[in-house]
2 protein chains.
Amino acid sequence: MLFHFRNKFPQLNPFWDKYLKYQKRLEVPAKTILLEEGKVSGQYIFIEKGCVRAFFNNNGDDKTVQFFFENEGLTSFESFINNVPSLVTIETIEPSIVCLLPKQYVSQLMDELSREQGFVQMILQASASRQTHYMNEFVSFIRDTPEQRYQKLLSERPHIIQRVPQHYIASYLGVSSVHLSRIKSKLAKGKLHF
Amino acid sequence: MLFHFRNKFPQLNPFWDKYLKYQKRLEVPAKTILLEEGKVSGQYIFIEKGCVRAFFNNNGDDKTVQFFFENEGLTSFESFINNVPSLVTIETIEPSIVCLLPKQYVSQLMDELSREQGFVQMILQASASRQTHYMNEFVSFIRDTPEQRYQKLLSERPHIIQRVPQHYIASYLGVSSVHLSRIKSKLAKGKLHF
DNA sequence: ACGTAACGATAACATATGTTATCAAGTTCA
DNA sequence: TGAACTTGATAACATATGTTATCGTTACGT
C-alpha cells in the first residue's frame, strides 16, 4: 500500500523518506513465511529482491491469491489496519531481500500524512483502486475459464509464469496442477498446425 | 459506504443529516436499473424499502455479486471515487423505494468530514472492512463447494433465500439454476431419514 | 556426489457441473 | 379471464475438472 501511494503521489516523498531508517532489511531463503494466516500483521513489507505470494490454506492444499515482485510493497491490509487475524499467509517464493517497517512507524507516518491537504482523497482513491483490482480478479475468476485465465496471464503478466512454480500458478488459477498441465499441453498442440 | 460509516461513527451524524434534504426519493418497480455496467456512477444509493442486486454481465447470462436490503446504502465505489466505468450493474429485485444523493453532495460531505479528527482512521478502517468482506466472499467462493455455500447462506443469511428468486441466488453461488435445484433436492433428501 | 525433495507431464478413472429440453405451478397484466 | 411470463423441478447427456498413481527430470542440502 505504502509504495503504491508513493508512486502515485510523489509530492509526499519527503514523508516516506523520514521512515526509511526504521526499516529492517532482511535476506531470507525461499519458503520463508513473513506473515502467518491467523496472526495479526505487525509490519509493512517491501520487496527489494525476489518474489512472494499471498495464500490461504484449505485443509492441506493452499490457494494463492496474489503474487508480488521487486519494488512492490504489501501487507495484509485488513489485518494491519483493524488488528484482526490475517486471512492470508505471506511467503517468499524465491530467496529474497525484504524490508520490514514495524506498524508503529506506519501509524506515525499515517498520522503525519493525514494532516496534509488532499490526503483523504488520496486514501479513498487508493482504496478504490485496490478494490477494483480485487473485483477484476474476482470477475475474471468467475467469467473466464481456467484456460482463458492462463492465456491472459501468459499475455499480460508473463513474468509470473516465468518465475513462479507451476503448482502455485495452478492454485492461483483455481485448478489442480494436473489440470494446468492439461491446459498447457492442449495449448501447445493448438500451435503445432503444420 | 456512507450508511456504513454512519452506523459505525454516530458522533458524525450531524454531518450526514445536513445532506438528507438533497436526497431524491424514488419509488421504482422491480428490475429497475439504478446504475449500468460501463457507466460512471453519479450518485449514492440508499434503500428505504425493497432490495437490489449488483451483477456483471457475461455474454447473455449475468453473475450476481452482492445483494442489498432495507437500510443499506451502496454505490459502485471504485466508479464513484475514481470516475471510471462501473464493473457492475445495480438493479432492483423487488419494487423498491430508494433515496439518491448526487455525487457532488457526497464529495462536499467528504470534504467537510475530512477536517474532523480521526476521519482518516475511520476511512482506513471502513476500507479495510470492505476489503475483508470481499476477500471473505472470494475465499468462500474458492474454498467451499456450491453446496456448502448454499448451506452457509441458508444458515447465516436466510432472508436472502426467502426474498430473492432462485436463479439470482444460483448466479451468486456461481452455479447454474439447474444445479442449484439439484443441490436443494439433494439436501431435502438428506433430511428425510425416517 | 549422493540421496531426497521439488517439479512437471501423463494416464485412468470418478465426480461435479453445464446445457438443453420439458413440464408444472404461480404471477402479472391487458 | 386468458395469454404470456416467471419461477422452479427434473431427466438425459456432454464436458470440465479433480484425484491418484507413475515416471522422468531437475534442484538442493548435507
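Since the structure is predicted, the reported quantities are computational estimates derived from the model, not experimental observations. The figures that follow rest on heavy atoms only: side chains count, while hydrogens, waters and symmetry mates do not. Below, chains carry the letters A, B, ... as their sequence lines are ordered, and counting in each starts from 1.
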Check the pair A:Lys49, A:Glu72 against salt bridge (charged side-chain N to carboxylate O under 4.0 Å, His left out), reporting the backbone distance first and the verdict last. CA-CA 10 Å; A:Lys49 181 162 172 23; A:Glu72 293 184 326; over 6 Å; no
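- Contacts between residues 166-182 of chain A and DNA chain C, defined by a heavy-atom separation under 4.0 Å, are made by A:Gln166, A:His167, A:Val178, A:Ser181, A:Arg182.
- Using a 4.0 Å cut-off between charged nitrogen and carboxylate oxygen, A:Arg157 and A:Glu137 count as a salt-bridge pair.
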Would you check, one step at a time, whether the test ring-ring contact (aromatic ring centres under 6.0 Å, His included) holds for A:Tyr134 with B:Tyr134? CA-CA 8 Å; A:Tyr134 288 127; B:Tyr134 288 126; 9.2 Å; no
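- Protein chain B touches strand DNA chain D; the 5'-most and 3'-most nucleotides with an atom under 4.0 angstrom of its non-hydrogen atoms are D:dT7 to D:dA12.
- Salt bridge annotation for A:Lys24-A:Glu48: absent, with no cationic side-chain nitrogen under 4.0 angstrom from a carboxylate oxygen.
- Salt bridge absent: B:Lys31 and B:Glu91 never bring a charged side-chain N and a carboxylate O closer than 4.0 Å.
- Checked for salt-bridge contact, A:Asp62 and B:Arg143 miss the test: no charged N lies under 4.0 Å from a carboxylate O.
- Remark: A:Glu70 engages A:Arg163 in a salt bridge, criterion side-chain N to carboxylate O under 4.0 Å.
- Each of A:Trp16, A:Phe15, A:Tyr22 was scored for a ring-ring contact (aromatic ring centres under 6.0 Å, His included) with A:Tyr105, with one residue passing: A:Tyr22.
- B:Glu112 has a carboxylate O that lies under 4.0 Å from a charged side-chain N of B:Lys18, or vice versa, which qualifies the two as a salt bridge.
- When the local axes at the two ends of the helix from C:dA1-D:dT30 to C:dA30-D:dT1 are compared, using 5 base pairs at each end, they differ in direction by 50° after rounding to 10°.
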Show the numbers, then the answer: is there a ring-ring contact (aromatic ring centres under 6.0 Å, His included) between B:Phe141 and A:Phe138? CA-CA 9 Å; B:Phe141 205 89; A:Phe138 184 61; 5.6 Å; yes
